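Remember, predicted model here, so these are calculated numbers, not experimental data.
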Amino acid sequence: MPSSESYNDAQGYSGTLYRISASPNRYCAKTGFPNASCSENWTAKYSGIVTKPGNDTRVYRYEGFVTKPTSDTRVYRYQGWVYAVVNNPTNSGQASSTGNGKASGQFIWQLNKQNANAPSRVQLRNTAGIAGSHFATRNSIYQINSPSVISKTSTAPQNYYVNDPHDLRDKNINYAFAYDYTNYYRDVYTCSSSRSDGCIQWTYSHREPDWTYQETATFNKTMKGDHKYQDQQEIVYPTNNISLIVGRTTNLSNMNESYQQEHFNVDNSTITKETQTWIEINEPVTYRSDLGNPLYSLTDELWYFPNEIDENLEEQYKNTTSFTYSDIAIPLRVNMKNNSSINYKTEDNFFVTKNNGLLFSLPHTQVSILAINKKAKEEYEDFTGETYEDEVLNSPFNGSRYYFNINGNSEQEPNIQYSNDYIVGELGLSDATLHIGENLEFEKYLLGNPIDDPVINEQPGSKVLNANYDNSITIKSNQISDLKDISNDRNFLIHGFRSTDIYKKYNQVKNILPSLSY
């Protein structure tokens, strides 16, 4: 018995009746045999509302018997959810607070030393970084290139060295930094329920960069390698300083380029002495670097070139260097050095004897007074052939001096400036050799003829004419011949005028002229 039945009658009423009760009229009898057939009768009551088209809204209730047909031709309708295939909701959007490509960091080249005793090298650095505001970035590329010298590409900041700075001198050094970026994203969904013809339910998974909107930021810069490595630098009066480029830097935030220098300063003002005495050799050089590095010194060339020197030292200090400032070259040494200054003294100490003014030298490491006096005796007797009877004036602690050549045949004259040259190197990051030129002059000869107005007059002038002498001697012809022999046998004169054998010759003359009084 169905739960509902359609109703139609001849009067035009129709509707659906619903079963409200059912009761059996007759049950099947139990036969005890399996698969036995029988039939039962049931009485069912249906109730419902039927309507007739038009204005008849009456409600009729019917009772009666309903029988089930042999075959059920009824149509059943079910109520419930129906699911349809849904498109993928994944979508793109632009991230907030994003902008164009920007970079931070620096492109750098600078002279650099592996250690204080090593020649300089060139350090090349690319420290670029991403500074732009983006949703995502990728593919950072760093490059440093100089044709025939270096070509490097990497995906990380770079730091390389070129061992010989000459290789990059006056060359272009090219830097580059690039990266890809996007300011867009994709919200990605995954299918969480599907059927054979497609997905019917999507679930949010994650947000990812949308590289279909990719852009590339590129930064390029070429800087000149304009260092003056191992050049000889002239610091000649009146110039007293020099600055050398030791590096260049480009800031990627604004692409502004700057250079860094090291600075050398000397005191090479003109030295004026009252007379031909001596000057102290204690040449200072001060230093400052924009890179903050200390003063380096490789002491490759250290020389002092005086204009003249005493005759007995000419061979010892003969100039055999490649520099042509003078015929004389006196070696120098580093006396004191710190991070910002250095000064030089002579490698040898110079000493002078009190009476005869003999100039000689010893290594500065020799400080023994006995050794110094022994050297004075050896030098004097070897140079003059006379017995040494003198003493040394100065000590080894003030021996870094240059003594003027007071020889009467010297080319130097009062009130004329003469070149006083130093060569010191190699200094700083540039491993520079400095030529320090200063002027030197004196106002009066130390010794000489009265007409030259010397400070000390040891040379006799012309004899006084028409003078009366209380004492006289007579010299015979044979005595004149002997006196000439003595005169021809004279040793040379120290400084061109100072005799070293005066007592010896006086005694020889007395043997020829016994009447000669003291």
Residues Arg195, Asp197: salt bridge by 4.0 Å N-O rule: yes
Any donor-acceptor N/O pair, Asn338 side chain to Ser340 backbone, under 3.5 Å: yes
Which residues share a side-chain hydrogen bond (donor to acceptor under 3.5 Å, both in side chains) with Asn174, sequence neighbours left out: Asn145, Thr222
Phe404 ring center near Phe442 ring center (under 6.0 Å): yes
Partner of Tyr380 by side-chain hydrogen bond (donor to acceptor under 3.5 Å, both in side chains), out of Asp390, Asn356, Thr353: Asn356
Separation of Thr239 OG1 from Gln233 CD (nearest 0.5 Å): 12.0 Å
Given Asn420, Ile436, Asn268, the one that forms side chain to side chain contact (heavy atoms under 4.5 Å, CB included) with Tyr237: Asn268
Proximity of Tyr325 and Tyr304 rings by center, below 6.0 Å: no
Partners meeting ring pair (Phe, Tyr, Trp, His ring centres under 6.0 Å) with Tyr344 (sequence neighbours left out): none
Donor-acceptor contact below 3.5 Å, side chain Ser193 vs main chain Ile200: no
Given Asn241, Asp290, Thr286, the one that forms side-chain hydrogen bond (donor to acceptor under 3.5 Å, both in side chains) with His263: Asp290
Test salt bridge (Lys or Arg N to Asp or Glu O under 4.0 Å) applied to Lys221 - qualifying residues, sequence neighbours left out: Glu257
Asn312 side chain to Phe360 backbone, donor-acceptor under 3.5 Å: no
Aromatic plane relationship, Tyr181 with His134 - under 30° parallel, 30 to 60° tilted, over 60° perpendicular: parallel
Glu262 side chain to Leu429 backbone, donor-acceptor under 3.5 Å: yes
Nearest atoms (heavy-atom pairs only) where Ser120 meets Gly428: OG-O, 4.3 Å
Parallel, tilted or perpendicular: rings of Tyr317 and Phe350 (30°, 60°): tilted
Heavy-atom donor-acceptor pair, Trp202 side chain to Val86 backbone, under 3.5 Å: yes
Any donor-acceptor pair under 3.5 Å from Lys171 side chain to His166 backbone: no
Donor + acceptor pair across side chains of Ser400, Thr346 (<3.5 Å): yes
Contact check, side chains of Ile271 and Lys273, non-hydrogen atoms, under 4.5 Å: yes
Any donor-acceptor N/O pair, Tyr296 side chain to Ser430 backbone, under 3.5 Å: no
Any side-chain donor near an acceptor of the partner, Glu208 and His206, under 3.5 Å: yes
Non-hydrogen side-chain atoms of Asn349 and Gln366 separated by less than 4.5 Å: no
Check: Ala118 main-chain N/O paired with Lys113 side-chain donor or acceptor under 3.5 Å: yes
Donor-acceptor under 3.5 Å (Thr275 side chain, Leu446 main chain): yes
Mutual orientation of the aromatic rings belonging to Phe107 and Tyr175 [parallel < 30°, tilted 30-60°, perpendicular > 60°]: parallel
Donor on one side chain, acceptor on other, Asp180 and Asn139, under 3.5 Å: yes
Flag, side chain of Gln158 to backbone of Lys152, donor-acceptor distance under 3.5 Å: yes
No-hydrogen, no-angle side-chain donor-acceptor test under 3.5 Å, Asp431 and Gln230: no
Side chain to side chain, Leu332 and Glu347, heavy atoms closer than 4.5 Å: no
Aromatic plane relationship, Tyr184 with Tyr213 - under 30° parallel, 30 to 60° tilted, over 60° perpendicular: parallel
